[in-house]
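Please read the structure below before turning to the comments.
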Amino acid sequence: SEPSTANGWTLSSDITEERPHRMHADEHRAPTRTQGATASDACGETELEDGIRADELLLAQRLFNDYGKPPSDHPGATLISKGTALPRVWRYKPPEGRLDVYVSDIELPVRVESFLQMTCATTSRSDWDETAKDFKVLSSWGPSELQALHGERADFMYIYWLMSTPFPLATREYFIERKLSYLRPFTADGPRAYLKIDRMMEDSRPELQVPTAKRAVRVTDYSQYQLVWPGEADGTTVVRTVYVENPMITIPSWLQSWITDKALPKGLRAMSKAAVEFERKQGRGAKNGKKAN
């Protein structure tokens, strides 16, 4: 089985290949749940949580433990945001990788459920994300414990995403495999966290055997691992994310880094504002006896 990494940043400390493992359709099997398992029990690609592999669980625990600090696997990462102010964003390029990796922290004054409903419900994506020209679920599978957050048949899904971008980037087309899972606490008295994994589908997936959208580029390298848990204050959410993406443009690497360095913190602040507005509308809808999306 192919090791699990993304352009040089590892999901576990002993893995060195470049691309993340992405399961084919015939590999999607009923998950086996190991009661009482923790990240310290992990080895290889054994499934410890419902559909979540051991290496992914190890990464989730590292994201939780590293919150507020540079990534422990790359402590020399450059802090590109201002001081300790939120959002905090670090950037590094692994020696064996060709793309920048970004790690970010953000705290939002909304409930965890509100944030996840906003970011995971594909039918309402365009309500808060003006860059989403198209965003839809192509199919889904696996457990269905979190349907209330995303509204789909199951918690694992294949997604099509067409995103408009500012110059000099072209419209971007993504075919994404998403997994959303609710993890056990990493410590005896710690909070439970949600792990959301987005990564490109396998090249052999039938969904990719179609022409690229007009005036768009199909992204070939993209992954985002996001851990979400309740903040210390009531009604707040903490998010730690590791993200890597091929910009799909032929410009110098320093210019690519400069563009993303400027855009990513701005995007995180915009997402925070959108989450506050989403929760406000959600609360208003509940008072009116309506379901808010």
Side-chain angles (χ1 to χ4, degrees), residues 4 9-15 20 30-75 86-88 90 103-121 142-150 152 154-157 178-199 223-243 268 271-272 275 279:
S4 302
W9 60 272
T10 58
L11 301 188
S12 57
S13 59
D14 59 346
I15 299 173
T32 56
R33 192 175 185 89
T34 304
Q35 297 294 336
T38 65
S40 61
D41 301 316
C43 68
E45 293 186 356
T46 303
E47 288 182 347
L48 299 183
E49 300 284 337
D50 284 340
I52 300 299
R53 300 196 315 267
D55 54 337
E56 295 166 342
L57 188 59
L58 282 169
L59 174 62
Q61 183 168 28
R62 191 169 74 221
L63 292 176
F64 182 80
N65 293 339
D66 286 354
Y67 183 75
K69 300 175 288 187
S72 57
D73 57 332
H74 288 86
L86 290 167
R88 289 181 291 263
W90 292 268
V103 180
S104 64
D105 289 343
I106 190 168
E107 296 181 19
L108 306 104
V110 300
R111 297 178 302 111
V112 170
E113 293 77 14
S114 295
F115 174 75
L116 288 170
Q117 286 170 359
M118 185 187 83
T119 56
C120 296
S144 57
E145 297 176 357
L146 305 176
Q147 281 182 306
L149 297 177
H150 51 70
E152 302 298 332
D155 300 336
F156 301 167
M157 55 197 80
R178 169 173 290 178
K179 295 199 291 186
L180 180 65
S181 183
Y182 194 28
L183 306 180
R184 299 181 187 87
F186 296 113
T187 60
D189 57 350
R192 292 188 68 177
Y194 293 87
L195 177 63
K196 181 164 74 74
I197 300 172
D198 284 356
R199 56 193 171 202
S223 60
Q224 178 177 269
Y225 290 72
Q226 190 170 76
L227 193 71
V228 182
W229 68 94
E232 293 184 1
D234 290 343
T236 63
T237 297
V238 176
V239 184
R240 175 88 170 187
T241 305
V242 58
Y243 154 82
L268 290 170
M271 183 178 68
S272 180
E279 186 169 76

* **Note, Pro71 side chain near Val242 side chain (heavy atom, < 4.5 Å)** => no
How close do [X] and [Y] get, counting heavy atoms only, and between which atoms?
| X | Y | value |
| --- | --- | --- |
| Pro109 | Ser272 | CD-OG, 4.2 Å |
| Trp90 | Arg240 | CZ3-NH1, 3.4 Å |
| Pro191 | Pro230 | CB-CD, 4.0 Å |
| Val110 | Ala275 | CG1-O, 3.5 Å |
| Pro87 | Leu268 | CB-CD1, 3.8 Å |
| Val238 | Gly231 | CG2-CA, 3.7 Å |

What distance do [X] atom [atom1] and [Y] atom [atom2] have between them, rounded to the nearest 0.5 Å?
| X | Y | atom1 | atom2 | value |
| --- | --- | --- | --- | --- |
| Phe64 | Leu195 | CZ | CG | 13.0 Å |
| Thr241 | Leu63 | OG1 | CG | 8.0 Å |
| Ile197 | Leu59 | CD1 | CG | 8.0 Å |
| Met157 | Asp198 | CE | CG | 9.5 Å |
| Leu146 | Leu180 | CG | CG | 5.0 Å |
| Lys196 | Gln226 | NZ | CD | 4.5 Å |

Are the side chain of [X] and the backbone N or O of [Y] linked by a donor-acceptor pair below 3.5 Å?
| X | Y | value |
| --- | --- | --- |
| Glu279 | Arg111 | yes |
| Arg192 | Tyr182 | yes |
| Ser144 | Ala154 | no |
| Asp155 | Ser181 | no |
| Asp105 | Arg88 | no |
| Gln117 | Leu149 | no |

* **Test log, rule side-chain contact (heavy atoms from CB on, under 4.5 Å), inputs Ile52 and Lys179** => CA-CA 8 Å; Ile52 300 299; Lys179 295 199 291 186; 4.3 Å; yes
* Does Arg199 make a cation-pi contact with Tyr225 (under 6.0 Å, within 45 degrees of the axis)? -> no
* To do: Quick one: sort the Trp229 and Tyr67 rings into parallel, tilted or perpendicular, breaks at 30° and 60°.
  => perpendicular
* Leu227/Leu183 under side-chain contact (heavy atoms from CB on, under 4.5 Å): CA gap, chis, key distance, verdict -> CA-CA 10 Å; Leu227 193 71; Leu183 306 180; 4.1 Å; yes
